[in-house]
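One structure is given below, encoded as structure tokens.
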Amino acid sequence: MSDDIAAIKQTLASYCHRVDRGTATEVAELFAEDAILSPHHDGEYEVYGRDGIRDWYAFYHQTLGASVTNLKHLIQSIMIEVDGDSASSVCYLTAYFISKEDKTAYQVHGTYHDTLVRSGEQWLFRTRLIEVEFMTPLGAVID
């Protein structure tokens, strides 16, 4: 079970790194073929399947990614429950970025709610609900 917990934590961390610096395809590879993404930070809707999720992250990178620098997603207070080849996870998210428009640093707080499925030695997201509770400016950035 501890190997499963470590593998799931690797998936959670890989997601943060791939969203910040990877490609949409690299992000989508962390999702099962029949996965459902619920990015409720910009409305209540769902994105279905790995291909749909890849397309959504391509749009995300073209819009948000193009308008910010220094994007960093952090996760903490991770709770994981494993049940055979399925698991659930909830963790808090903090994200930081600098707006290219106003050169202000921002901090975002939210929660990831996940279900995962084992795929060989790896764990993939079956569902991911992204909730953002608030975003606040931190102030002007000094280069």
Show, in sequence, the C-alpha distance, side-chain angles and deciding distance for Ser89 and Leu12, and conclude whether the side chain to side chain contact (heavy atoms under 4.5 Å, CB included) test is met. CA-CA 9 Å; Ser89 171; Leu12 298 174; 3.7 Å; yes
A side-chain contact here means heavy atoms from C-beta on lying under 4.5 Å apart; do Asp4 and Arg118 qualify? yes
Tell me the closest heavy-atom pair linking Ser77 and Tyr92, and the distance in Å. CB-CD1, 3.4 Å
In terms of heavy-atom contacts, Val27 and Val19 come closest through CG2-N, 3.8 Å
Expected output: side-chain Asp20 to main-chain His73 donor-acceptor under 3.5 Å: yes
Shortest non-hydrogen pair, Ala58 vs Ala24, comes out as N-CB, 3.3 Å
Value for CG (Leu30) from OG (Ser119), rounded to nearest 0.5 Å, stands at 11.0 Å
Between Ala87 and Ile8, what is the shortest heavy-atom contact and its length? CB-CD1, 3.5 Å
Let me check something: do Val141 and Tyr96 share a hydrophobic cluster, defined by ILVMFWY side-chain heavy atoms less than 4.5 Å apart, either directly or through other members? no
No-hydrogen, no-angle side-chain donor-acceptor test under 3.5 Å, Thr94 and Gln107: no
When clusters are formed by joining ILVMFWY residues with side-chain heavy atoms under 4.5 Å apart, either directly or through shared neighbours, do Phe125 and Tyr48 land in the same one? no
So, taking the atom named OG in Ser67 and the one named CG in Leu64, what distance separates them when rounded to the nearest 0.5 Å? 4.5 Å
Polar side chain donor-acceptor pair, Glu131 to His113, under 3.5 angstrom: yes
Can you find a pair of side-chain heavy atoms, one from Thr111 and one from Val90, that are under 4.5 Å apart? yes
Would you find more than 12 non-hydrogen atoms of other residues, nucleotides or ligands less than 6.0 Å from Gln76 atom CD? yes
For Asp102, what residues pass the salt bridge (Lys or Arg N to Asp or Glu O under 4.0 Å) criterion, not counting sequence neighbours? none
Could you tell me if the side chain of Lys9 sits less than 4.5 Å from the side chain of Ile80, heavy atoms only? yes
With side chain to side chain contact (heavy atoms under 4.5 Å, CB included) as the criterion, how do Val108 and Phe97 come out once you've worked through the C-alpha distance, each side chain's angles and the decisive distance to 0.1 Å? CA-CA 9 Å; Val108 178; Phe97 63 86; 3.8 Å; yes
Any side-chain donor-acceptor pair under 3.5 Å between Tyr60 and Gln62? no
Under 4.5 Å between side-chain heavy atoms, hopping through other hydrophobics if needed: is there a path connecting Leu129 to Leu93? no
Kindly write out the residues that satisfy salt bridge (Lys or Arg N to Asp or Glu O under 4.0 Å) with Glu26, not counting sequence neighbours, or none if the list is empty. none
Least distance between heavy atoms, Thr104 atom then Pro137 atom: CG2-CB, 3.9 Å
Please test Gln122 against Gln10 for side chain to side chain contact (heavy atoms under 4.5 Å, CB included), starting from the C-alpha separation and ending with a verdict. CA-CA 9 Å; Gln122 185 180 19; Gln10 183 67 25; over 6 Å; no
Report yes if some heavy atom in the side chain of Trp56 is under 4.5 Å from a heavy atom in the side chain of Leu37; otherwise report no. yes
Determine whether Ser38 and Ile36 make a side-chain contact, defined as any pair of heavy atoms from C-beta on separated by less than 4.5 Å. yes
Suppose the criterion is salt bridge (Lys or Arg N to Asp or Glu O under 4.0 Å): which pairs have a residue in residues 50-77, not counting sequence neighbours? Glu33-Arg50, Asp51-Arg54
Do Ile130 and Phe59 belong to the same hydrophobic cluster, where Ile, Leu, Val, Met, Phe, Trp and Tyr are linked whenever their side-chain heavy atoms lie under 4.5 Å apart, directly or via other members? no
Using only atom types and a distance under 3.5 Å, with no angle test, would you say the side chain of Thr11 pairs donor to acceptor with the backbone of Trp123? yes
Hey, do the aromatic rings of Tyr15 and Tyr112 have their centres closer than 6.0 Å? yes
Taking the side chain from Lys100 and the backbone from Thr69, do they hold a donor-acceptor pair closer than 3.5 Å? no
Could you report the tightest heavy-atom contact between Ile53 and Val47, atom names first, then the distance? N-CG1, 3.6 Å
Side chains of Tyr45 and Pro39: does their closest heavy-atom pair fall under 4.5 Å? yes
Determine whether Leu116 and Ser88 make a side-chain contact, defined as any pair of heavy atoms from C-beta on separated by less than 4.5 Å. no
Taking a hydrophobic cluster as the set of Ile, Leu, Val, Met, Phe, Trp and Tyr residues connected by side-chain heavy atoms closer than 4.5 Å, whether directly or through intermediates, do Tyr106 and Val68 fall within one such cluster? yes
